[in-house]
Number of protein chains: 2
Amino acid sequence: MAERGPRERMVFSTAQLIRREGVTATGLRDVVAHAEAPRGSLGHYFPGGKEQLVNEAVDWAGRYAANRIDRFLAGMARPTPSRLFAAMVRQWTDEFAAIGFDQGCPVAAATVDASVTESTRAAAAAAFSAWRAPIARALVGMGVPARKATAAATLMVSALEGAILIARAERDTRALTTVARELGPLLDGYVTR
Amino acid sequence: MAERGPRERMVFSTAQLIRREGVTATGLRDVVAHAEAPRGSLGHYFPGGKEQLVNEAVDWAGRYAANRIDRFLAGMARPTPSRLFAAMVRQWTDEFAAIGFDQGCPVAAATVDASVTESTRAAAAAAFSAWRAPIARALVGMGVPARKATAAATLMVSALEGAILIARAERDTRALTTVARELGPLLDGYVTR
DNA sequence: AGGCTACTATGACGGCCGTCATAGGGGGTG
DNA sequence: CACCCCCTATGACGGCCGTCATAGTAGCCT
């Protein structure tokens with residue numbers, strides 16, 4: 001997360017804060033403090049106000065999740081659906097173990113939280129889409145029929161998001177490891193060649 | 001939702017409002033208005049303040065979800081894991097179709113949202129537990145080994161919660177129907193007798 | 001009747017929110 | 001130098017928040 005300009009830092013910090021506080025509870029003053037950004041720049045870079053800032057943070061999160069998928073695949077010698085899913089899950093178990101359960105998924109937070117604006121809801125939908133696309137593409141590359149790939153990707157994201165939720169509530173990664181274990185064989189079963 | 005006292009109405013209204021606004025965005029004044037309850041009673045019935053009110057709402061939601069499971073089973077001639085899951089999913093697709101995508105799961109909202117207090121987080125964990133227990137019990141009754149039943153219940157709740165999230169973001173029930181369809185055979189495969 | 005308890009009414013308090021108006025720096029260009 | 005444009009500084013505004021103090025009212029118990 002190299003040294004970027006104030007604008008990018010604010011978007012990134014917004015995503016970070018949304019992850020643990022939710023949209024409504026994240027104040028713009030908190031954002032500038034976290035980003036160590038000049039407060040006066042807020043209205044300058046984000047004339048659309050908090051709504052614009054939040055939307056950009058959600059966009060950022062969607063792109064980040066998508067990139068992660070590609071990175072997981074790049075690190076695998078012989079990728080399989082279950083291995084990809086295991087990597088996605090492990091990313092979260094590792095993070096929970098390392099820094100605690102306070103930070104969840106920003107896209108989930110933006111979806112659930114608050115008097116979320118229509119535009120923010122649309123940003124969340126786009127983020128889920130951006131996340132699912134590389135998964136489905138990867139599954140096809142592993143031999144899953146295109147017809148089944150998007151459904152499988154939806155299942156993977158759903159199970160992961162739900163398990164993240166439960167893990168945070170229980171402060172225990174068990175839900176995550178459970179879904180990875182139980183879903184693995186089913187996912188590999190989609191492969192036809 | 002028969003005519004209850006003001007106290008119960010406030011708890012119920014809190015759950016309703018949390019479902020669509022989140023915890024932080026739900027104001028106490030909104031609650032009394034929605035419950036048509038006397039404002040002066042808030043501090044009387046809930047000396048623990050908003051925190052207590054939210055916790056009771058989450059508790060209520062957990063019990064409600066658990067009761068729903070029993071009601072689903074009662075309405076089935078020959079219950080199977082996939083049929084139970086389909087019923088759980090259908091409850092949500094029906095609700096989304098009927099009243100829109102504005103209302104999600106209150107337990108998810110309480111988990112994700114905000115400067116949620118430790119006690120609220122614990123209430124959410126208890127709610128998930130209360131929800132999962134009757135599912136696991138039902139699975140055992142259908143012939144799923146006890147060893148596998150809790151894992152399967154966790155998978156079902158995870159996939160459902162995640163799909164609810166995606167469905168709300170996309171304003172489309174497709175994610176829900178997808179997980180029901182894809183997970184069905186796996187769930188029935190747990191049955192050994 | 002008197003008194004005690006359970007409940008309700010009302011308004012004020014301090015605090016934080018997102019937004020905006022105003023003004024100042026500061027470097028590159030004419 | 002003068003100018004302009006991009007960025008930043010600062011403080012005020014109205015509004016809503018959760019909480020609390022104070023003052024009632026209603027009804028049962030003895």
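First the proteins, then the strands, lettered A, B, ... as listed; each starts at 1.
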Report the residue from A:Ile18, A:Leu17, A:Thr120 that forms a side-chain contact (heavy atoms from CB on, under 4.5 Å) with A:Val23. A:Ile18
Evaluate the ring planes of A:Phe101 and A:Phe96, with Trp represented by its six-membered ring, and classify them as parallel (under 30°), tilted (30 to 60°) or perpendicular (over 60°).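 Answer is parallel, since the angle falls under 30°.
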Can you measure [X] atom [atom1] to [N] atom [atom2] for me and round it to whole angstrom units?
X: A:Arg7; N: D:dC7; atom1: CZ; atom2: P; value: 10 Å
X: A:Lys50; N: C:dT19; atom1: NZ; atom2: P; value: 8 Å
X: A:Arg29; N: D:dT10; atom1: CZ; atom2: P; value: 14 Å
X: B:Glu51; N: D:dC17; atom1: CD; atom2: C1'; value: 16 Å
X: A:Leu42; N: C:dT19; atom1: CG; atom2: P; value: 9 Å
X: B:Arg9; N: C:dT8; atom1: CZ; atom2: C1'; value: 13 Å
X: B:His44; N: D:dT22; atom1: NE2; atom2: P; value: 19 Å
X: B:Phe46; N: D:dC20; atom1: CZ; atom2: C1'; value: 17 Å

Any idea which of [options] is nearest the [X] side chain?
X: A:Pro38; options: C:dG18, C:dT8, D:dT8; result: D:dT8
X: A:Pro6; options: C:dT8, C:dG18, D:dT8; result: D:dT8
X: B:Arg39; options: D:dC7, C:dA12, D:dA12; result: C:dA12

Ignoring backbone atoms, test whether B:Tyr45 places a side-chain nitrogen or oxygen under 4.0 Å from the OP1 or OP2 oxygen of C:dT8.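 For C:dT8, OP1 or OP2 has a side-chain N or O of B:Tyr45 closer than 4.0 Å.
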Has A:Ser41 got a side-chain N or O lying under 4.0 Å from the OP1 or OP2 atom of D:dC7?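 Checking A:Ser41 against D:dC7: no side-chain N or O falls below 4.0 Å of OP1 or OP2.
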Are A:Arg132 and A:Thr150 linked by a side-chain donor-acceptor pair shorter than 3.5 Å?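 Side-chain D/A pair, A:Arg132 to A:Thr150: absent.
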Could you pull out the closest heavy-atom pair between A:Ala87 and A:Met76, with the gap in Å?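 For A:Ala87 versus A:Met76, the nearest heavy atoms are CB-CE, 3.8 Å.
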